[in-house]
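Here is the structure we will look at, set down as structure tokens.
Within every chain, numbering begins at 1; the chains are lettered A, B, ... in the order of the sequence lines, protein sequences first and strands thereafter.
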2 protein chains.
Amino acid sequence: MAESSSVQSLDRAFDLLELLCKSRNGMTIGGLSAETGLHKSTVHRLLSSMCTRGYVQRDAATSIYRAGMRLCELSSYIMDNLDVVERARLPMERLGRETDETVHLVMQEERDIVYIHKVESGRGAIRMFSRIGMRRPLYCTGVGKAILATWPDSEVHTLWQESDVKPWTAHTIVSEDAFFHELERVRRLGYALDDEENELGVRCIAAAIPDYRGRASYAVSVSAPISRMSDERIASLRGPLLTACDEIAVALGGSMNRG
Amino acid sequence: MAESSSVQSLDRAFDLLELLCKSRNGMTIGGLSAETGLHKSTVHRLLSSMCTRGYVQRDAATSIYRAGMRLCELSSYIMDNLDVVERARLPMERLGRETDETVHLVMQEERDIVYIHKVESGRGAIRMFSRIGMRRPLYCTGVGKAILATWPDSEVHTLWQESDVKPWTAHTIVSEDAFFHELERVRRLGYALDDEENELGVRCIAAAIPDYRGRASYAVSVSAPISRMSDERIASLRGPLLTACDEIAVALGGSMNRG
DNA sequence: AAACACTATTCCGTAATACGAAACATGGAG
DNA sequence: CTCCATGTTTCGTATTACGGAATAGTGTTT
């Protein structure tokens, strides 16, 4: 409306499509007409057009219109083509140069995180992590906590129940209460710390890559031996890390951690 | 053009949108213009319109256009409203555990079935199927036959006429007579087999989820490589499959396949 | 059973809308 | 620096989508 360069019929068609997608049991021409303020015949014409393409379905008996599965098909194409690794590559490499430490990209799968990409720093990289495809539970890693901080509490609770929680090191959080407090802290700060919770002698700072809903399945971390990871160092890593995550999130069409 | 009631700008916009969804790394205006035969300024105008709504994303630096996440959002609305998926979730997961194979839920739409949910088994899952939103004709899939077996012959006949029947594999049934015989067998047994009719090397057993009238629009299948799908194996899958379908049917307020 | 009320669908004259040629930026290559 | 290629904006035009009104189709009331 206010927007200048917009094709009227397209705009109207998308209004209709969005209404149909959100309605549970479909809508009639009349209903759509009332809701959008468009003339009945206009609604009818636009819907017919979308019907022939499968974006909308018309119940022949009742003339109730619903969203068609074609949209889901397109959505699945998009998902398939979302090559996170590819889109994360450049931001990760820059983060690696800026920090001179090892950078990891992980994705959540079931109750674990899986390492899917890594950039190693110039200086004595910590070798222990490294293997692409390696898994760790969500609950005992910085990246896992960063991801879970974007999930609703109910889902985190379910996951906690399903997880076989055990102390990987003396620092691992094993109480659900303490874990929820920790997630609160992550949400407040915008990043998560792994303070030898997964592996002794290794500290890392991690941040999530949220999708368009603000929910994350991916995260990035910067890891280093504890000797190089003072609190001051972490404070200085925060900025570059969040910048990189925001870049990746945008490249994936998602939202950002910070405005 | 050939189609009667279709809004030109809409049709063109969807052409563009579909191309973008299928392209891995986005496309330029020029590419889209060449592909569709539309004038570049027309492409530009339509894309701008879709950009403001989030259906398309424009990389500011390179002016490469990609499909936006808005489509995924709409798709998720549709999925949320399809509560079949929700009601089928637990029975399908149990069926997956019991059989240790890939389980699919499909719905009929027009002359096709659409995959709407999937549970992958622990062992070497067959990846080829999988894409949620993917379509196949009713006539050449086990799930399709299971659904059609609940329809009156007249409707099956109409559908057969409207379908562009062709052999997907050497095993696909392409004669209407043979097809009706096959449906008789499905009705007698209570389940359908897909014996490499859709994809070579893959066998599956499928059963319908009938509504209160006994008519089905949904079906569930268990698929596996032919090596794991002997006749004995199929006999042993029958029980768990039918049980799962009955559970889902009851959850949806429908009738049951068996007493 | 007939008339009614309501909604979807089709028709068609009109002008607003989307179109596309061409001019104008922009940016990369040689 | 110039050229070339590609994206962006402008603007006059007629094609296209619009919407009022007529029609068909459904279910409901008296």
Side-chain angles (χ1 to χ4, degrees), chain A residues 1-20 23-68 90 250-251 253, chain B residues 1-21 23-68 110 158 213:
Chain A
M1 313 229 178
E3 280 304 328
S4 51
S5 68
S6 94
V7 178
Q8 190 188 57
S9 47
L10 250 190
D11 236 34
R12 293 173 163 187
F14 281 127
D15 281 340
L16 294 172
L17 198 54
E18 287 169 18
L19 280 172
L20 285 181
S23 90
R24 184 164 260 291
N25 298 314
M27 298 178 75
T28 64
I29 296 251
L32 287 164
S33 170
E35 198 78 32
T36 56
L38 298 173
H39 195 278
K40 295 185 305 178
S41 77
T42 302
V43 174
H44 185 266
R45 182 160 14 85
L46 294 171
L47 289 182
S48 300
S49 212
M50 292 195 280
C51 270
T52 64
R53 291 203 148 240
Y55 291 99
V56 167
Q57 278 232 300
R58 173 177 172 276
D59 183 327
T62 61
S63 270
I64 286 176
Y65 289 83
R66 305 171 199 285
L90 292 178
V250 168
Chain B
M1 316 214 178
E3 280 303 329
S4 51
S5 68
S6 105
V7 178
Q8 190 187 57
S9 47
L10 250 190
D11 234 33
R12 292 171 162 190
F14 281 126
D15 281 341
L16 294 172
L17 199 54
E18 287 168 19
L19 280 173
L20 285 181
C21 285
S23 90
R24 183 158 198 74
N25 299 312
M27 297 179 77
T28 64
I29 297 251
L32 286 164
S33 170
E35 199 78 31
T36 56
L38 298 174
H39 196 278
K40 53 183 182 159
S41 81
T42 303
V43 174
H44 185 266
R45 182 162 13 84
L46 293 171
L47 289 183
S48 300
S49 213
M50 292 195 279
C51 270
T52 65
R53 290 201 149 242
Y55 290 99
V56 168
Q57 279 219 311
R58 173 177 173 277
D59 183 326
T62 62
S63 270
I64 286 177
Y65 290 83
R66 305 171 199 287
E110 310 272 311
T158 307
R213 299 164 301 181

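- Nearest to the side-chain atoms of A/His44 among the listed nucleotides C/dT10, D/dG19, C/dG20 stands C/dT10.
- Between B/His39 and C/dC19 there is no side-chain polar atom (N or O) within less than 4.0 angstrom of OP1 or OP2.
- When all heavy atoms are compared, the tightest approach of A/Ser49 to B/Asp11 is OG-OD1, 4.4 Å.
- Put simply, A/Tyr65 has no side-chain N or O that comes within less than 4.0 Å of OP1 or OP2 on C/dT7.
- Put simply, CE on B/Met50 is 14 Å from P on C/dA18, counting in whole angstrom units.
- Aromatic ring pairs are classed by plane angle as parallel below 30°, tilted from 30° to 60° and perpendicular above 60°; the pair B/Tyr55 and A/Phe14 is parallel.
- Using a 4.0 Å heavy-atom cutoff across all strands shown, A/Ser41 reaches at least one base atom of the nucleic acid.
- For the 3.5 Å distance criterion, the side chains of B/Thr52 and A/Ser6 fail to qualify, holding no donor opposite an acceptor.
- At D/dG7, none of the side-chain N or O atoms of B/Ser63 fall inside 4.0 Å of OP1 or OP2 (strictly under the cut-off).
- DNA chain C is contacted by both A/Ile29 and A/Gln8; A/Ile29 maps to the nucleotide lying nearer its 5′ end (nearest heavy atom per residue).
- Rounded to an integer number of Å, the gap from A/Leu47 CG to D/dA17 C1' is 15 Å.
- For C/dG20, the base has a donor-acceptor partner in the side chain of B/Arg45 [N/O atoms by modelled type, under 3.5 angstrom].
- Distances shown here put every side-chain N or O of A/Ser48 at or beyond 4.0 Å from the OP1 or OP2 atom of C/dT9.
- Within the 4.0 Å cut-off from OP1 or OP2 of D/dC18, at least one side-chain nitrogen or oxygen of A/Arg12 is found.
- At least one side-chain nitrogen or oxygen of A/Arg58 sits closer than 4.0 Å to the OP1 or OP2 atom of C/dT9.
- Side-chain atoms of B/Arg58 and B/Leu47, non-hydrogen and from C-beta on, never get closer than 4.5 Å to each other.
- Along DNA chain C, the nucleotide closest to B/Ser9 and the one closest to A/Thr62 are compared, and the more 5′ of them pairs with A/Thr62.
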